[in-house]
There are 2 protein chains.
Amino acid sequence: MSNGVTERTVSERLQGHGIQASAQRVAVAEYALRTTDHPSADVVWAKVRESFPFLSRATVYNTLNLFVAKGLLRPLVIAEGRVVFDPNVEPHHHFVDEETGEIHDVPWDAVAIRSIEPPRDFELRDYQVIMRGSRRGRPARARPRGSSRSSVK
Amino acid sequence: MSNGVTERTVSERLQGHGIQASAQRVAVAEYALRTTDHPSADVVWAKVRESFPFLSRATVYNTLNLFVAKGLLRPLVIAEGRVVFDPNVEPHHHFVDEETGEIHDVPWDAVAIRSIEPPRDFELRDYQVIMRGSRRGRPARARPRGSSRSSVK
DNA sequence: GTCTCGATCTAGACTATGTCTAATGGTGTG
DNA sequence: CACACCATTAGACATAGTCTAGATCGAGAC
Ligand SMILES: [Mn+2]
Ligand SMILES: [Mn+2]
Ligand SMILES: [Zn+2]
Ligand SMILES: [Zn+2]
């Protein structure tokens, strides 16, 4: 995207980040580096297996963690009980739809921050705004899918 | 804090929020509603058992979820693999020390936001800034405790 | 083309967080 | 005391993620 010459194919992109390409890694990359969703590891496994059945769960986890270590993906801890992966590694914010659990990207410029003060003695490495809400016109009833914390009757 | 008359004891505070008091619930509340940490359920279990040994794991989870439902606690999904509970239910931000995994409160006024624009068609219910970094003077080496995502050798 | 060895892939065991179920225990009312 | 109701409990269960030990692959040396 940002450079028209290098990193044209997924394979080249992996090599450009010091990753030895392989059939499994390319298959995972094809989905995980292109999606605009924020899929969990098991979602990636399910999606990729549709077109590439010879792929173990362990390899998906290994590969995603490798991509994170090499800066191709960013792990997000936002939704309960699972890490999701974000192929957009540039600074941006997130909006969580509390109805569906879906995570939407919010451009960095959608939030104008005048000043930000970390706690004394702490060094701010990065930050983002987590917004929560739902689609307009819906009153927010049920909990986000997959959550269901306890009965509390 | 905010009101000097009602809700003086923990027991009264529970009743004021429509919660039937009990020995276990008071014991959990005594710790979980007063702490300035952001403990996970199992941390709460360990801490409370020090002074109140007759407490099952299930009751801790039930109680914390009840407190959340009644607005005494807020669940935070920030650190990997576990939900933590925040007795400060007023709007504020959080700073995650990536060295230790500790979560620190950041006052609402420490961030001055000029404008914030949720995605089109979405209604913003609430938001907060998640900051990440570490104590001044440390170069940020090891991953936060309890994390340790994969080897990637 | 064959060999070799490190890298990659894999099934399945294992750990940890959280939920659920079914049984038990306590408390107040009549 | 009998009854209803709710809280508590142990342990089973579900799920996310890690780890291990062995099988397989493949890039480079010959
Ligand atoms: Mn790149
Ligand atoms: Mn209160
Ligand atoms: Zn994103
Ligand atoms: Zn807090």
Side-chain angles (χ1 to χ4, degrees), chain A residues 11 14-15 18-29 32 38-46 48-49 52-70 73 75-85 101 143-153, chain B residues 11 14-15 18-29 32 38-46 48-49 52-70 73 75-85 101 143-153:
Chain A
S11 218
L14 297 188
Q15 267 139 23
I19 297 170
Q20 170 78 273
S22 76
Q24 287 84 351
R25 286 172 177 177
V26 168
V28 169
H38 296 78
S40 67
D42 281 320
V43 166
V44 172
W45 190 33
V48 174
R49 265 191 307 172
F52 188 89
F54 307 106
L55 179 67
S56 76
R57 191 163 166 273
T59 294
V60 171
Y61 275 89
N62 287 343
T63 301
L64 291 172
N65 288 334
L66 176 65
F67 288 179
V68 168
K70 298 301 189 181
L73 286 180
L76 294 183
V77 183
I78 292 180
E80 182 178 342
R82 60 194 209 281
V83 173
V84 301
F85 296 90
R143 299 270 87 208
R145 289 241 344 128
S147 183
S148 131
R149 4 183 78 271
S150 190
S151 27
V152 177
K153 9 173 198 337
Chain B
S11 220
L14 297 188
Q15 268 138 24
I19 297 169
Q20 169 79 272
S22 76
Q24 286 83 353
R25 285 172 177 178
V26 169
V28 170
H38 296 79
S40 68
D42 281 321
V43 166
V44 172
W45 190 33
V48 175
R49 264 191 308 172
F52 188 90
F54 306 106
L55 180 66
S56 76
R57 193 164 164 272
T59 294
V60 172
Y61 275 89
N62 288 342
T63 300
L64 292 173
N65 288 334
L66 175 65
F67 288 179
V68 168
K70 298 300 189 182
L73 285 180
L76 295 183
V77 183
I78 292 180
E80 183 178 341
R82 60 192 209 281
V83 173
V84 300
F85 295 90
R143 299 270 87 207
R145 289 243 342 132
S147 184
S148 131
R149 4 185 76 270
S150 189
S151 30
V152 178
K153 15 176 194 332

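In what follows, chains carry the letters A, B, and so on, assigned in the order in which the sequence lines appear, proteins first and then strands, with residues in each chain numbered from 1.
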Side-chain contact test, heavy atoms from C-beta onward, threshold under 4.5 Å: evaluate it for [X] versus [Y] and give yes or no.
| X | Y | value |
| --- | --- | --- |
| B/Asn62 | B/Leu66 | no |
| A/Trp45 | A/Val43 | no |
| B/Tyr61 | B/Asp42 | yes |
| B/Ile78 | A/Val77 | no |

It should be established whether [X] places a side-chain nitrogen or oxygen under 4.0 Å from OP1 or OP2 of nucleotide [N].
| X | N | answer |
| --- | --- | --- |
| A/Asn65 | D/dG17 | no |
| B/Thr59 | D/dT9 | yes |
| A/Gln20 | C/dA7 | no |
| B/Tyr61 | C/dT19 | no |

side-chain contact (heavy atoms from CB on, under 4.5 Å) partners for [X], two or more places apart:
| X | value |
| --- | --- |
| B/Ala27 | B/Val48, B/Phe52 |
| A/Ser22 | A/Gln24, A/Arg25 |
| B/Val84 | B/His38, B/Ser40, B/Leu76, B/Arg82, B/Ile103 |

Counting side-chain heavy atoms from C-beta on, which of [options] comes nearest to [X]?
| X | options | value |
| --- | --- | --- |
| A/Asn62 | D/dG11, D/dT18, C/dT10 | C/dT10 |
| A/Ala41 | C/dT19, D/dG17, D/dT9 | D/dG17 |
| A/Ser56 | D/dG17, C/dG18, C/dA11 | C/dA11 |
| B/Ser22 | C/dT10, C/dC9, D/dA7 | D/dA7 |
| B/Ala58 | D/dA7, C/dT10, D/dG11 | D/dG11 |

Please give, in whole Å, the distance from [N] [atom2] to [X] [atom1]?
| X | N | atom1 | atom2 | result |
| --- | --- | --- | --- | --- |
| B/Glu80 | C/dT15 | CD | C1' | 14 Å |
| A/Lys70 | C/dA7 | NZ | P | 12 Å |
| B/Leu14 | D/dA7 | CG | P | 12 Å |
| A/Trp45 | D/dG17 | CH2 | C1' | 13 Å |
| B/Phe54 | D/dA10 | CZ | C1' | 16 Å |
| B/Arg82 | D/dT15 | CZ | C1' | 18 Å |
| A/Asp42 | D/dT18 | CG | C1' | 13 Å |
| B/Phe85 | C/dT17 | CZ | C1' | 11 Å |

Atom pairs, protein N/O to nucleotides 22-27 of chain C N/O, distance under 3.5 Å:
none

All side chain to side chain donor-acceptor pair (under 3.5 Å) counterparts of A/Arg49, not counting sequence neighbours | none

Residues that A/Ser11 engages under side chain to side chain donor-acceptor pair (under 3.5 Å), provided they are two or more places apart = none

Find the distance between CZ (B/Phe67) and CG (B/Leu14) and round it off to the nearest 0.5 Å.
-> 5.0 Å

Contact class for A/Arg57 (heavy atom, under 4.0 Å): base, sugar-phosphate, or nothing?
-> base

Which angle, rounded to 10°, do you find between the first-five-pair axis and the last-five-pair axis of the helix from C/dG1-D/dC30 to C/dG30-D/dC1?
-> 10°

